[in-house]
Amino acid sequence: MAEIKQAKSESALLKKVWDIANVLAAAGVGFTDYITQLTYILFLKMDAEKEELGLGSSIPEGYKWADLGPLSGQDLVDKYEEILKELAKDTGLIGTIFTKASNKIDRPVLLAKVIEMISSENWYMMEGDFKGAIYEAILEKNGQDKKSGAGQYFTPRALIKAMVDVVDPKITETVADPACGTGGFLLAAYEHMKPQSREIAKQSFLKNNAFFGADNTPLVVTLASMNLYLHDIGTAKSPIICQDSLIDKSDKMFDVVLANPPFGTRPQGSVEVYANRPEFVKTSDNQVNFLQHIMSIVKTGGRVGVVLPDNVLTDGNATAKVREKLLKDFNLHTILRLPTGIFYANGVKTNVLFFEKGSPTKDIWVYDYRTGIKHTMATKPMTRENLDEFVSCYCSGHQEDRVPTYSEENKNGRWRRFTEAEVYARDQLKLDFKWIDLDEKDDRTLAEMIEQIKTEAANISAAISELEKLIGEVEE
């Protein structure tokens with residue numbers, strides 16, 4: 001009964017959130033901007049509730065929830081903007097939540113609506129799992145909003161859960177995501193690690209010291225920090241920081257790295273990666289640079305699960321050199337081939353690479369969850385159950401017991417071992433393993449095809465610009 005009641009109250013609360021989102025959208029305030037303001041106002045309200053319970057306040061006098069209470073009209077907007085500006089200066093958790101905060105709801109009546117909705121609930125005393133679930137649902141809805149572009153920050157929860165299950169982070173280990181988006185990997189790792197021990201010291205380490213996340217977009221840092229905070233992680237200091245991981249030269253090392261880094265080329269005007277990281281193989285390819293960064297921050301003996309597009313497995317030149325380094329210094333023991341239609345960007349072919357630092361690659365096991373598989377975000381999203389066979393085949397913690405489902409009798413088995421000799425005999429160490437012989441239909445809609453063509457054209461254009469720039473530098 002309690003679960004049914006919670007589900008009802010969750011849906012009722014979400015309805016309130018969506019109703020105001022629709023009102024704001026009609027007035028030109030996008031969903032992403034709405035969520036950001038919701039986050040700021042929710043933090044102010046929770047701080048006030050905490051203070052009422054005698055637990056103190058983290059916010060300086062004159063910039064609290066109570067200071068908004070008596071105001072209306074332009075006075076309300078002015079005071080709210082003053083609060084955002086002041087709290088963005090903080091050096092702790094508050095400063096992270098309010099990173100580069102600015103007001104996007106400048107009509108007093110609309111701002112008052114959001115404040116009224118937040119004020120009607122008691123948030124601080126809500127179960128961490130419940131208020132966390134509410135916030136996760138809001139973030140997921142935002143990820144589905146193609147107009148906002150927020151899908152780039154959102155990895156399907158089914159995939160995250162499967163990756164965490166097989167990498168199996170332990171409660172005493174550190175876990176990092178250098179391109180953390182809204183914190184999905186860190187949160188799933190926390191939920192996986194939390195039941196492993198009831199020891200107070202281990203639980204304290206888990207909540208305050210186990211995690212590290214970075215993103216170079218202030219808005220995303222705000223959302224990720226709040227997401228973890230609402231799940232009672234990093235309540236004194238957020239584990240999320242705003243930084244460009246690709247030019248990070250700190251010496252922080254981690255036991256586990258889980259990530260789905262951004263694909264494509266770096267935005268124009270970004271700092272040149274190679275200039276800051278001369279130890280990297282020089283490339284303008286974002287995902288190849290992220291792979292190199294991840295290789296540099298995982299401890300010896302540490303484990304990695306990272307989502308990467310096909311080109312990382314097949315491109316020559318600089319990418320082939322990075323692959324060679326990966327196979328030489330890391331044990332790339334598993335590749336999961338993923339289908340299109342599981343991300344919000346259309347037509348992206350991706351893989352998950354699982355590797356450990358400290359010994360060279362020998363055999364590579366490949367699970368083909370691509371050939372003959374079709375998912376769409378709207379009508380047939382991928383579920384965690386879809387990956388049950390892969391997780392079972394992986395044999396996490398006892399990989400010596402792996403048994404292929406591919407055989408001479410079953411040539412379309414999805415789980416196959418490629419021997420060391422087979423791996424190293426491949427041209428330029430290309431790792432695009434394909435063997436299943438099924439007719440694959442391209443059943444994308446015309447709109448999806450056009451969208452993919454546009455994306456690929458933009459990537460080609462960016463690559464040409466980068467090439468022209470390099471040619472210009474050489475000629476000078």
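Positions are given from 1 along the sequence.
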When rounded to the nearest 0.5 Å, the distance separating CG of Leu68 from CD1 of Ile83 is 4.0 Å

Ser119 side chain to Glu116 main-chain N or O, any donor-acceptor pair under 3.5 Å?
yes

- [ ] Apply the test side chain to side chain contact (heavy atoms under 4.5 Å, CB included) to residues Leu246 and Asn286: give CA-CA distance (whole Å), side-chain angles for both, the deciding distance (0.1 Å), then the verdict.
- [x] CA-CA 9 Å; Leu246 295 183; Asn286 236 9; 3.5 Å; yes

task = Please tell me if the side chains of Val366 and Arg337 come closer than 4.5 Å, counting only heavy atoms from C-beta onward.
result = yes

| request: Determine, step by step, whether Leu38 and Met117 satisfy the side chain to side chain contact (heavy atoms under 4.5 Å, CB included) criterion, reporting the C-alpha distance in whole Å, the side-chain angles of both residues, the deciding distance to 0.1 Å, and the verdict. | output: CA-CA 10 Å; Leu38 196 69; Met117 188 266 289; 3.6 Å; yes

What one should report as the nearest heavy-atom pair of Leu308 and Pro261 is CD2-CG, 4.1 Å

- request: Give a yes or no on whether the backbone of Leu353 and the side-chain of Asn351 come within a donor-acceptor separation of less than 3.5 Å.
  value: no

- Message: I'd like to check Val175 versus Tyr190 (side-chain heavy atoms, cut-off strictly below 4.5 Å). Are they in contact?
- Response: no

Heavy-atom nearest pair, Glu49 first then Glu121, reads OE2-O, 3.4 Å

Nearest heavy-atom contact between Ala101 and Ala88 is N-CB, 4.2 Å

No-hydrogen, no-angle side-chain donor-acceptor test under 3.5 Å, Ser396 and Arg303
no

Would a 4.5 Å heavy-atom cut-off, applied to side chains only, mark Thr32 and Lys104 as touching?
no

Worksheet item: Counting only N and O atoms by type, is there a donor-acceptor contact under 3.5 Å from the side chain of Asp67 to the main-chain atoms of Lys64?
Response: yes

Stepwise side chain to side chain contact (heavy atoms under 4.5 Å, CB included) check, Leu159 with Val352: CA-CA 9 Å; Leu159 177 60; Val352 187; 4.1 Å; yes

- Got a donor-acceptor contact below 3.5 angstrom from the Thr376 side chain to the Thr379 backbone? yes

* Ion pair present between Lys79 and Asp75, side-chain N to carboxylate O less than 4.0 angstrom? -> no

Which of Ile240, Val220, Asp244 passes side chain to side chain contact (heavy atoms under 4.5 Å, CB included) with Asp215? Answer is Val220

- Query: If you measure only the distance, is there a donor-acceptor pair under 3.5 Å linking the side chains of Ser225 and Ser238?
  - Reply: yes

Would you check if there is a donor-acceptor pair between the side chains of Tyr367 and Thr405 at a distance under 3.5 Å?
no

| request: May I ask you to decide if Leu24's main-chain N or O and Arg107's side chain share a donor-acceptor pair within less than 3.5 Å? | output: no

Q) Checking Thr222 side chain against Ile97 main chain: does a donor-acceptor pair fall under 3.5 Å? A) yes

Across all chains, not counting sequence neighbours, the ring pair (Phe, Tyr, Trp, His ring centres under 6.0 Å) partners of Phe355 are Phe330

message: Set out, in order, the CA-CA distance, both residues' side-chain angles and the distance that settles side chain to side chain contact (heavy atoms under 4.5 Å, CB included) for Ile94 and Asp47, then state yes or no.
response: CA-CA 10 Å; Ile94 295 168; Asp47 183 80; 5.8 Å; no

Output for pair (Leu223 CG, Thr99 OG1), nearest 0.5 Å, gives 10.5 Å

Pairing donors with acceptors under 3.5 angstrom, does anything connect the side chains of Lys252 and Thr174? no

Note: Thr235 and Leu93 closest approach over all heavy atoms is O-CD2, 3.2 Å

ask   = Within a strict 4.5 Å, meaning less than it, do heavy atoms of the Met295 and Leu291 side chains meet?
value = yes

Does some side-chain heavy atom of Pro108 sit less than 4.5 Å from a side-chain heavy atom of Gln74? yes

His375 meets the ring pair (Phe, Tyr, Trp, His ring centres under 6.0 Å) criterion, sequence neighbours left out, with Tyr369

Tightest non-hydrogen contact, residues Asn103 and Leu84, listed as N-CD1, 3.6 Å

Taking the six-membered ring of Tyr40 as reference, does the cationic atom of Lys45 (NZ for Lys, CZ for Arg) lie under 6.0 Å from its centre and within 45° of its axis?
no

- Query: Can Thr383 and Asn386 be counted as having a side-chain donor-acceptor contact under 3.5 angstrom?
  - Reply: yes

Would you say NZ of Lys16 has more than 12 non-hydrogen atoms from neighbouring residues, nucleotides or ligands within 6.0 angstrom?
yes

> Just wondering, do Pro60 and Leu87 contact through their side chains at under 4.5 Å, heavy atoms?
Replying inline: yes

In Ile118, Asn122, Leu230, the residue satisfying side chain to side chain contact (heavy atoms under 4.5 Å, CB included) with Met46 is Leu230

Any Val257 side-chain heavy atom under 4.5 Å of Lys357 side chain:
no

query = So, the side chain of Arg157 versus the backbone of Thr155: is there a donor-acceptor pair under 3.5 Å, distance only?
reply = yes

**Request:** Please confirm whether the backbone N or O of Ile200 pairs with a side-chain atom of Ser204, one donor and one acceptor, at under 3.5 Å?
**Result:** no

query = Got a sec: does the CG of Asp251 have more than 12 other heavy atoms crowding it under 6.0 Å?
reply = no

In this structure, OG1 of Thr36 is separated from CE of Met226 (nearest 0.5 Å) by 11.5 Å

Closest non-hydrogen contact found for Asp177 with Ala259 is OD1-CB, 3.5 Å

Distance col, row Gln196:CD vs Lys170:NZ, nearest 0.5 angstrom, shows 5.5 Å

Query - Under 3.5 Å: donor-acceptor pair, side chain of Lys100, backbone of Pro218 - result: no

Output for pair (Asp106 CG, Asp78 CG), nearest 0.5 Å, gives 11.0 Å

Report yes if some heavy atom in the side chain of Leu387 is under 4.5 Å from a heavy atom in the side chain of Tyr394; otherwise report no.
no

In this structure, CG of Asp165 is separated from CG of Asp388 (nearest 0.5 Å) by 9.0 Å

Checklist entry - Ignoring hydrogens and geometry, is there a side-chain-to-backbone donor-acceptor pair from Gln203 to Ser197 under 3.5 Å? => result yes

For this session: Check the pair Glu191 / Lys194 against salt bridge (charged side-chain N to carboxylate O under 4.0 Å, His left out), numbers first and verdict last.
Result: CA-CA 5 Å; Glu191 287 165 354; Lys194 186 181 175 185; over 6 Å; no

Atom NZ of residue position Lys50 - does it have more than 12 heavy atoms of other residues, nucleotides or ligands inside 6.0 Å?
yes

For Arg370, is there an ion pair with Asp310 - N to carboxylate O distance below 4.0 angstrom?
yes

| request: May I ask you to check whether Phe43 and Trp65 place their ring centres under 6.0 Å from each other? | output: no

Applying ring pair (Phe, Tyr, Trp, His ring centres under 6.0 Å) to Phe212 and not counting sequence neighbours gives Phe254

